[in-house]
Enquirer: 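Here it is, the structure, as structure tokens.
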Amino acid sequence: MGTMAIGRMVPVSGVIRAMRCGLFVLAVAISAGCAGAASGASPGTHVISWIQQDGRGVAQVWASIDDKPPIQISHRVTPPAACGLDMLGPPMFAPDLRHVVVAGGNTCGQGQVLGPLYIVDEATGSVAAVPLPGAGEVLTNQRSYGWIDSQTIFAVGAFGGGVSGVTYALGARAVAPLPGLPDGIPEAVARGSTLFFLADTMATVAGYPRYHASLNRYDLTGHTPLPGTIDLGSLDLCACATGDYHLQGWDASPDGLHVVYQVVTPQAPKQGTIGTATAHIFYAGADGANPSEIVKAVMTLSPVRIRFSPEGTLVGITEAHDTPDVASGCVSSNGLFTDPCMQFYGPDASDYPAWHWDDAYMVATTAPNLPAQIGALYRYHAPRFHGVIYVPSGYNCWSTP
């Protein structure tokens, strides 16, 4: 796998300390046109992170701090499993940038990719497993984990014993269950003391598995559900080996005051496809109040990936099949083809998009996370249609905040 050239590994905390003291000098840019901040803006300490395979085929966490040269964060030594590609999920930095939470995973089998959850110490590169209950695994390629604060993470999944969500304090011997959460939580994000999560149920309709999803909120302090459930509709999966799939796209704004989400209606699929008859994307208050349809030009029937930009004024979208399946748009306009804020990009991409700290561009990988198909990370910058290579080989990118 190709990687960017670097002089030496530097811990992120060391980079930050040097930046704060005015000692860090940028020697090279990530790629042509990537370096430098917008005029008058202050970057602070923003991270775009991703996964790359090393020369032994072991997945490692890499990152760039404020457009500085990329550095390898993790130093995993476990060789890949014999039956598939060694993988890691989206690497999420803690707010103080001292640790990373990331899921493991392997492509064995025909179902979803799951794996253990790890904490990476950015200063040493050491990797420690989180003591998850039950099966001890989370979904690798979904937001099944994240940070509540710099010392505490959450994780969601089917852990057994009625536990579908937990928190974990760094260094603790065990996790703490989150009571009152429903079964079936594939994704969640924390915004302050509120956990936004996707809940799903499955039924068989005309021989097909039909998944119904809703977007919900939970008070992490009071351990109680919050009002304002949003119905995302239902979709049908094929009666076949589905592989690694996800449901409707959604996200919560960085300030936790708004959500963006995809609503679908079902249509029995053909073999090997996901069946939806309609799909629309909405922007609303955190409790679903005052919904408005946005990015209307994205006429896809596929479950998409969506992420808010750091300022909360834009959304980035991937996997909006057919080609082109990468787009961005404003939350304050309808996103029709005449909307100057509506933008499509090529090449096609998968995984969650990662945003630059000033909303200037987003990054996504150009190929599915499958053996021998790990593509390049591309930078997508409006108003250009064609993206440019950001990292020659990588996947599962993420960004702060």
Side-chain angles (χ1 to χ4, degrees), residues 89 105 107-114 137-144 156-158 164 181-188 196-216 229-251 259-284 288 291 293-307 315 317-327 348-353 367-370 373:
T107 56
C108 301
Q110 298 296 318
Q112 290 189 291
V113 180
L114 296 100
E137 293 184 325
V138 294
L139 289 167
T140 304
N141 297 317
Q142 299 194 42
R143 295 173 298 184
S144 56
V156 293
S164 55
L181 286 172
D183 293 334
I185 301 180
E187 287 189 284
F196 294 80
F197 67 91
L198 188 74
D200 69 85
T201 57
M202 193 275 283
T204 300
V205 178
Y208 291 96
R210 175 169 293 180
Y211 282 85
H212 179 262
S214 62
L215 183 55
N216 307 265
T229 296
I230 302 172
D231 191 337
L232 306 188
S234 301
L235 57 83
D236 291 336
L237 295 184
C238 61
C240 61
T242 56
D244 199 37
Y245 67 90
H246 61 87
L247 301 178
Q248 295 92 313
W250 67 278
D251 196 16
V259 291
V260 60
Y261 54 92
Q262 184 184 30
V263 177
V264 305
T265 59
Q267 176 176 290
K270 298 177 182 179
Q271 188 72 5
T273 66
I274 292 178
T276 55
T278 63
H280 302 275
I281 296 172
F282 294 88
Y283 172 75
E293 188 175 356
I294 61 172
V295 291
K296 291 183 178 181
V298 179
M299 295 181 290
T300 182
L301 296 181
S302 297
V304 300
R305 306 274 200 179
I306 308 177
R307 281 198 74 193
V315 291
I317 300 170
T318 57
E319 301 185 27
H321 310 313
D322 288 324
T323 299
D325 74 358
V326 182
D348 291 350
S350 60
D351 300 333
Y352 299 99
N369 297 342
L370 299 174
Q373 290 187 340

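FYI, side chains are in, hydrogens and waters are out, and symmetry mates aren't considered; it's all heavy atoms of this structure.
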Enquirer: Please name the pair of heavy atoms, one in V156 and one in V138, separated by the smallest distance, quoted to 0.1 Å.
Expert: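 Scanning both residues, the minimum pair turns out to be O-CG1, 3.8 Å.
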Enquirer: Could I get the full list of side chain to side chain donor-acceptor pair (under 3.5 Å) partners for R307, not counting sequence neighbours?
Expert: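 Only S399 meet the side chain to side chain donor-acceptor pair (under 3.5 Å) criterion with R307.
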Enquirer: Do C238 and I274 make a side-chain contact, defined as non-hydrogen atoms from C-beta onward lying under 4.5 Å apart?
Expert: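 With C-beta onward as the side chain, the pair stays apart.
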Enquirer: Once side-chain contact (heavy atoms from CB on, under 4.5 Å) is applied, do any residues pair with A199, and if so which ones, sequence neighbours excluded?
Expert: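 Here the qualifying residues are P182, F197, S214, N216.
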Enquirer: Give me the atom names and distance for the closest heavy-atom approach of G184 to P186.
Expert: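 Taking every non-hydrogen atom into account, O-CD, 3.6 Å.
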Enquirer: Among residues at least two apart in sequence or on other chains, which ones pass side-chain contact (heavy atoms from CB on, under 4.5 Å) with A277?
Expert: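 side-chain contact (heavy atoms from CB on, under 4.5 Å) check on A277 returns T265, Q267.
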Enquirer: Restricting to side chain to side chain donor-acceptor pair (under 3.5 Å), what partner residues turn up for E319, sequence neighbours left out?
Expert: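 Per chain and number, E319 pairs via side chain to side chain donor-acceptor pair (under 3.5 Å) with H246, R305.
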Enquirer: Side chain of Q248, backbone of V263: donor and acceptor closer than 3.5 Å?
Expert: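 Here the side-chain-to-backbone pair does not exist.
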Enquirer: Got a sec, which residues hit ring pair (Phe, Tyr, Trp, His ring centres under 6.0 Å) with F196, two or more places apart in sequence or on another chain?
Expert: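 Applying ring pair (Phe, Tyr, Trp, His ring centres under 6.0 Å) to F196 gives none.
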Enquirer: What residue among Q262, K296, E293 forms side-chain contact (heavy atoms from CB on, under 4.5 Å) with I281?
Expert: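 It is Q262; the other options fail the test.
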Enquirer: Could you tell me if the side chain of I230 sits less than 4.5 Å from the side chain of L232, heavy atoms only?
Expert: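 Yes; the side chains approach each other to less than 4.5 Å.
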Enquirer: Should T278 and V264 be marked as a side chain to side chain contact (heavy atoms under 4.5 Å, CB included) after you check the CA-CA gap, both sets of side-chain angles, and the distance that decides it?
Expert: CA-CA 5 Å; T278 63; V264 305; 5.8 Å; no
Enquirer: Please determine which of I306, I317, V315, D325 meets the side-chain contact (heavy atoms from CB on, under 4.5 Å) test together with V298.
Expert: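 Testing V298 for a side-chain contact (heavy atoms from CB on, under 4.5 Å) against I306, I317, V315, D325 leaves exactly one candidate, I317.
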Enquirer: Which residues pass the side-chain contact (heavy atoms from CB on, under 4.5 Å) test with D244, sequence neighbours left out?
Expert: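 D244 satisfies side-chain contact (heavy atoms from CB on, under 4.5 Å) with Q112, V113, N141 once adjacent residues are dropped.
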Enquirer: With sequence neighbours left out, which residue pairs that include part of residues 200-215 fulfil the salt bridge (charged side-chain N to carboxylate O under 4.0 Å, His left out) condition?
Expert: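 Passing the test, one end in residues 200-215: R210-D236.
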Enquirer: If you look at every heavy atom in S302 and T276, which pair is closest and at what distance?
Expert: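 Minimum heavy-atom separation between S302 and T276: N-OG1, 4.4 Å.
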Enquirer: For the side chain of T318 and the backbone of D351, is there at least one donor-acceptor N/O pair under 3.5 Å apart?
Expert: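 Answer holds: yes.
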Enquirer: Could you report the tightest heavy-atom contact between F282 and P291, atom names first, then the distance?
Expert: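 For F282 versus P291, the nearest heavy atoms are CD2-CB, 4.5 Å.
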Enquirer: How far does OH of Y283 sit from CG of D251, to the nearest 0.5 angstrom?
Expert: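 So the gap between those two atoms works out to 12.0 Å.
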Enquirer: Could you go through L235 and L247, starting from their C-alpha distance and side-chain angles, then the distance that decides it, and tell me whether this counts as side chain to side chain contact (heavy atoms under 4.5 Å, CB included)?
Expert: CA-CA 8 Å; L235 57 83; L247 301 178; 4.1 Å; yes
Enquirer: Could I get the full list of side chain to side chain donor-acceptor pair (under 3.5 Å) partners for D183, not counting sequence neighbours?
Expert: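 Applying side chain to side chain donor-acceptor pair (under 3.5 Å) to D183 gives none.
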Enquirer: With E187, which residues qualify under side chain to side chain donor-acceptor pair (under 3.5 Å), at least two apart?
Expert: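 Only R143, W250, Y352 meet the side chain to side chain donor-acceptor pair (under 3.5 Å) criterion with E187.
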Enquirer: Would D348 and H321 count as having a side-chain donor-acceptor pair, cut-off 3.5 Å?
Expert: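 Judged by distance alone, the side chains do not pair up.
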Enquirer: As an exercise, state the distance from CG of L198 to CG of L215, rounded to the nearest 0.5 Å.
Expert: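 Going from CG on L198 over to CG on L215, the span is 7.0 Å.
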Enquirer: Run the ring pair (Phe, Tyr, Trp, His ring centres under 6.0 Å) test against Y211 and tell me which residues pass, sequence neighbours left out.
Expert: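 Once residues adjacent in sequence are excluded, the partners of Y211 under the ring pair (Phe, Tyr, Trp, His ring centres under 6.0 Å) criterion are Y245.
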